[in-house]
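Shown next, in structure tokens, is the structure this report addresses.
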2 protein chains.
Amino acid sequence: MGATKKELFTKKQNEIAAMAKAIAHPARIAILHELLKANACICGDLVDELGLAQATISQHLKELKNVGLIRGTIEGTSICYCIDPLVWSAYKEVFAHFFKEAPASQNCC
Amino acid sequence: MGATKKELFTKKQNEIAAMAKAIAHPARIAILHELLKANACICGDLVDELGLAQATISQHLKELKNVGLIRGTIEGTSICYCIDPLVWSAYKEVFAHFFKEAPASQNCC
DNA sequence: CATATCAATCGTAAAATTACGATTGATATG
DNA sequence: CATATCAATCGTAATTTTACGATTGATATG
């Protein structure tokens with residue numbers, strides 16, 4: 001045990017959960033905030049901004065890259081990161097759609 | 001190590017991450033889907049619907065209750081669950097706001 | 001009151017996540 | 001070419017998450 005039983009759920013359910021998991025860590029939220037704030041590429045000052053070790057941040061960046069939310073481009077001796085606008089809007093859309101349905105009103109429980 | 005260093009991040013960042021984590025499992029997405037579909041309370045047939053053990057589902061329900069997304073009311077020998085509309089819209093709002101900012105266009109990386 | 005039913009909780013095992021130091025590899029720069 | 005810099009990766013430890021069987025507690029029902 002310990003491993004999520006993905007086969008029990010629909011593709012959509014696994015997808016939404018995976019997307020949520022990708023942003024389910026404050027460091028990754030902070031990274032995305034930085035990238036949004038800069039509104040452009042950011043070349044590695046992330047290690048200075050957040051207080052985590054270089055290896056840890058690299059790991060978070062990897063996760064964000066794996067789901068496609070960010071891209072990295074080699075820029076001389078350092079690397080530039082930026083948000084992928086298409087994947088970003090896909091995320092926006094999925095969460096908007098998920099929360100779109102309004103739950104039944106107070107009259108239930 | 002192994003524990004998230006929450007003190008490094010803003011309250012908002014920790015909040016968004018925590019909200020994402022709450023729905024970062026397909027079983028919890030499936031539970032919310034069921035509650036939305038029923039558009040009312042559901043009395044415990046969740047164990048039959050999802051293929052997980054009763055203890056496991058109870059644990060997922062507990063997490064959803066902890067963040068306030070669902071409520072449970074005792075109904076005779078069983079318990080009725082439903083989505084809390086206010087917390088639900090709070091979630092909708094937070095994610096909508098987070099993804100609202102448009103990242104810089106393709107011209108970057 | 002004895003029994004059945006439902007859900008929470010306990011205890012525990014397996015796996016995944018988070019974090020970091022150290023190393024590696026790649027690219028400038030002197 | 002030697003050296004410095006930056007980021008990925010490796011190896012590993014601590015912690016958290018996921019899952020389940022077993023038990024417990026509470027509420028109906030005979």
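Order of the sequence lines sets the chain letters (A, B, ...), proteins ahead of strands, with each chain counted from 1.
- Within a 6.0 Å radius of CD in B/Glu75, no more than 12 heavy atoms belonging to other residues, nucleotides or ligands are found.
- If you measure from atom CG of B/Leu52 to atom P of D/dT17, you get 17 Å, rounded to the nearest angstrom.
- Just one of A/Leu61, A/Leu52, A/Ile23, A/Leu36 meets the side-chain contact (heavy atoms from CB on, under 4.5 Å) condition when paired with A/Ile31; it is A/Leu61.
- Aromatic ring orientation, B/Phe99 versus A/Tyr91: tilted (interplanar angle from 30° to 60°).
- Close to D/dT17, at under 4.0 Å from its OP1 or OP2, lies a side-chain N or O of B/Lys21.
- With rounding to whole Å, B/Leu61 atom CG is found 14 Å from D/dA19 atom C1'.
- Where A/Gly2 and A/Ala24 each meet DNA chain C at their nearest nucleotide, the meeting point lying more 5' is that of A/Gly2.
- Listed pair B/Tyr81 / C/dC6 fails the phosphate criterion, with no side-chain N or O lying under 4.0 Å from OP1 or OP2.
- With hydrogens and angles ignored, the 3.5 Å screen pairs no side-chain donor or acceptor of A/Trp88 with any backbone N or O of A/Leu69.
- Distances shown here put every side-chain N or O of A/Thr56 at or beyond 4.0 Å from the OP1 or OP2 atom of C/dT18.
- Positionally, the nearest nucleotide of DNA chain D for A/Gln59 lies more toward the 5' end than for the other of B/Gly51 and A/Gln59.
- As a whole-Å value, the separation of B/Ile31 CD1 from C/dA7 C1' is 13 Å.
- Each of A/Arg28 and A/Ala3 lies near DNA chain C, and the nucleotide nearest A/Ala3 is the one positioned closer to the 5' end.
- Nucleotide D/dA7: paired with C/dT24 (Watson-Crick or G-U wobble, both distances less than 3.5 Å).
- Close to C/dC6, at under 4.0 Å from its OP1 or OP2, lies no side-chain N or O of B/Thr77.
- Rounded to an integer number of Å, the gap from A/Lys62 NZ to D/dC6 P is 22 Å.
- Evaluation of atom-type donor-acceptor distances gives a pair under 3.5 Å for the side chain of A/Gln54 against the base of D/dA8.
- Spacing between atom NE2 of B/His60 and atom C1' of C/dT9 amounts to 16 Å, rounded to whole angstrom units.
- Residue B/Lys65 places at least one side-chain N or O closer than 4.0 Å to OP1 or OP2 of C/dA8.
- Between the CD1 atom of A/Ile79 and the C1' atom of D/dT9 there is a distance of 12 Å, rounded to whole Å.
- When Watson-Crick and G-U wobble pairs are counted only if both distances are under 3.5 Å, C/dA16 pairs with D/dT15.
- Note on ring orientation: taking the six-membered ring where Trp is involved, the planes of B/His25 and A/Phe9 are perpendicular (angle over 60°, cut-offs 30° and 60°).
- Heavy atoms of other residues, nucleotides or ligands lying less than 6.0 angstrom from CD1 of B/Ile74 number 12 at most.
- Using a 4.0 Å heavy-atom cutoff across all strands shown, A/Glu63 reaches sugar-phosphate atoms only and no base atom.
- Between B/Leu50 atom CG and D/dC20 atom P the separation is 11 Å, expressed in whole Å.
- Using a 4.0 Å cut-off, some side-chain N or O of A/His25 falls inside it from OP1 or OP2 of C/dA19.
- The listed nucleotides are C/dG21, D/dT9, D/dC20; the one nearest the side chain of A/Lys5 is D/dC20.
- Of the two residues contacting DNA chain D, namely B/Thr4 and A/Ile57, the nearest-nucleotide position lying further toward the 5' end is that of A/Ile57.
- The interatomic distance linking B/Asp45 (CG) with C/dA7 (C1') rounds to 13 Å, in whole Å.
- Look at D/dT29: its Watson-Crick or wobble partner, with both distances under 3.5 angstrom, is C/dA2.
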